[in-house]
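Okay, so here's the structure we're looking at.
Position 1 is the first residue of the sequence, and the numbers go up from there.
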Amino acid sequence: FSEYTVMHVGCVAKINPEAPLDKVCVLSCGISTGLGATINVAKPRKGSTVAIFGLGAVGLAAAEGARISGASRIIGIDLNPNRFEEAKKFGCTEFINPKDHDKPVQQVLTEMTNGGVDRSVECTGNIHAMIQAFECVHDGWGVAVLVGVPHKDAEFKTHPMNFLNERTLKGTFFGNYKPRTDLPNVVEMYMKKELEV
């Protein structure tokens with residue numbers, strides 16, 4: 001609510017002056033983080049299957065990134081089923097509430113996708129969801145991207161065979177976007193109605 005703000009020059013990006021600030025302000029953090037995590041880091045191919053863990057603002061943006069990339073199946077995973085209907089607007093085609101199953105989510109996903117998803121994006125910060133996101137990707141080509149920030153004492157534990165079977169685990173900060181040069185392009189995507197916010 002300040003009238004004036006002192007900012008580091010690296011944090012300032014010049015955007016389209018016609019962009020509505022009340023809408024594009026959300027692009028400067030969560031939306032770009034989720035969108036970029038999918039488009040820039042997970043890089044799903046057209047027709048692929050993508051799992052999104054957590055359907056808050058960042059997760060919805062990650063689903064939007066999967067939709068823009070041409071994913072054919074976008075599976076949203078969340079403990080709150082009230083988020084499922086809204087997530088359809090952002091491209092989610094199927095949903096899983098872990099509370100509805102008596103087996104681990106990664107096993108549910110592996111069974112429903114005949115071996116695992118092509119890409120997964122974790123947007124919760126929950127260490128268990130991070131492990132599930134990694135263990136649900138397909139052997140040989142699956143890529144899991146961690147976006148959420150876990151508790152400082154959390155430990156990521158998985159069997160080493162998950163790596164030896166050629167699964168890839170990546171992390172990202174701000175969706176691998178460079179704010180000064182990339183944020184204006186994200187704003188333009190919104191202005192051209194290519195991006196749901």
Side-chain angles (χ1 to χ4, degrees), residues 19-20 22-126 128-130 132-138 142-148 172 175 177 185-197:
D22 64 327
K23 302 288 186 199
V24 298
C25 64
V26 297
L27 300 177
S28 66
C29 185
I31 305 299
S32 293
T33 298
L35 184 71
T38 304
I39 292 175
N40 299 333
V41 186
K43 299 179 181 176
R45 293 187 179 137
K46 189 175 175 124
S48 60
T49 301
V50 179
I52 308 293
F53 285 77
L55 297 174
V58 177
L60 293 177
E64 177 77 353
R67 183 194 63 76
I68 290 169
S69 298
S72 62
R73 291 177 77 183
I74 304 170
I75 306 166
I77 298 101
D78 202 292
L79 295 171
N80 182 356
N82 294 332
R83 293 179 168 182
F84 294 169
E85 194 60 37
E86 183 72 12
K88 289 178 184 176
K89 296 178 193 172
F90 295 87
C92 284
T93 58
E94 300 164 66
F95 301 95
I96 296 174
N97 181 342
K99 290 191 246 179
D100 294 341
H101 300 275
D102 56 3
K103 54 182 132 181
V105 174
Q106 57 269 48
Q107 188 177 338
V108 174
L109 282 161
T110 300
E111 290 171 4
M112 69 187 281
T113 58
N114 195 25
V117 297
D118 301 304
R119 302 289 185 265
S120 70
V121 184
E122 179 282 324
C123 304
T124 69
N126 180 293
H128 302 295
M130 293 178 168
Q132 293 163 351
F134 177 58
E135 293 182 352
C136 79
V137 298
H138 204 291
V143 176
V145 178
L146 305 184
V147 178
T172 182
Y177 280 122
N185 295 331
V186 177
V187 170
E188 288 308 311
M189 286 176 69
Y190 171 76
M191 295 297 285
K192 293 175 185 171
K193 300 193 182 328
E194 297 171 357
L195 177 63
E196 183 76 32
V197 175

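- The shortest side-chain heavy-atom distance between Val197 and Lys23 does not fall under the 4.5 Å cut-off.
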_Applying side-chain contact (heavy atoms from CB on, under 4.5 Å) to Tyr177 and Leu27, what does each step give before you reach the verdict?_
CA-CA 11 Å; Tyr177 280 122; Leu27 300 177; over 6 Å; no
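- You'll find the side chain of Ile75 reaches within 4.5 Å of the side chain of Thr113, heavy atoms only.
- In this structure, the side chains of Pro20 and Met191 come closer than 4.5 Å at one or more pairs of heavy atoms.
- Put simply, the side chain of Glu122 gets close to the backbone of Thr124: a donor and an acceptor are under 3.5 Å apart.
- Across Val50 and Ala71, no two heavy atoms sit closer than the pair CG2-CB, 3.9 Å.
- Checking side-chain atoms of Thr93 against main-chain N and O of Ile74 turns up a donor-acceptor pair under 3.5 Å.
- Ile77 is listed as a side-chain neighbour of Leu109, based on a closest heavy-atom distance under 4.5 Å.
- Scanning all heavy atoms of the two residues, the minimum distance from Pro81 to Asn97 falls at CD-ND2, 3.6 Å.
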- Under the side-chain contact (heavy atoms from CB on, under 4.5 Å) criterion, do Leu195 and Glu64 qualify, and how do the steps go? CA-CA 7 Å; Leu195 177 63; Glu64 177 77 353; 3.5 Å; yes
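- More than 12 heavy-atom neighbours from other residues, nucleotides or ligands sit within 6.0 angstrom of NE2 on His101.
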Going through the distances and angles, do Val145 and Arg119 end up as a side-chain contact (heavy atoms from CB on, under 4.5 Å)? CA-CA 8 Å; Val145 178; Arg119 302 289 185 265; over 6 Å; no
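- Between Thr49 atom OG1 and Glu94 atom CD the span is 8.0 Å, to the nearest 0.5 Å.
- The line from OG of Ser48 to NE2 of His138 is 12.5 Å long, rounded to the nearest 0.5 Å.
- When all heavy atoms of Ala42 and Val121 are compared, the pair lying nearest together is CB-CG2, 4.3 Å.
- Within the model, atoms CZ of Phe134 and CD of Gln106 stand 11.5 Å from one another, a figure rounded to the nearest 0.5 Å.
- Separation of atoms CG (Asp78) and CD1 (Ile52) is listed at 11.5 Å; rounding is to 0.5 Å.
- In this structure, Ala63 and Cys92 approach most closely via the heavy-atom pair CB-SG, 3.9 Å.
- Ion pairing between a basic and an acidic side chain is recognised when a charged N comes within 4.0 Å of a carboxylate O; Arg83 and Glu86 show no such pairing.
- The two residues Val187 and Ala19 have their closest heavy-atom pair at CG1-CB, 3.7 Å.
- Summarising the geometry of Ala87 relative to Leu55, their closest heavy-atom pair is CB-CD1, 4.0 Å, with the distance given to 0.1 Å.
- In this structure, the separation between CZ on Arg45 and OG on Ser69 is 12.0 Å, given to the nearest 0.5 Å.
- Counting non-hydrogen atoms of neighbouring residues, nucleotides and ligands closer than 6.0 angstrom, the CG atom of Asp100 exceeds 12 such neighbours.
- To the nearest 0.5 Å, atom OG of residue Ser120 and atom CG of residue Leu146 are 7.5 Å apart.
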Check the pair Val105 / Gln132 against side-chain contact (heavy atoms from CB on, under 4.5 Å), numbers first and verdict last.
CA-CA 7 Å; Val105 174; Gln132 293 163 351; 4.2 Å; yes
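- The existence of a salt bridge linking Arg67 and Glu196 is excluded, since no basic side-chain nitrogen approaches an acidic carboxylate oxygen closer than 4.0 Å.
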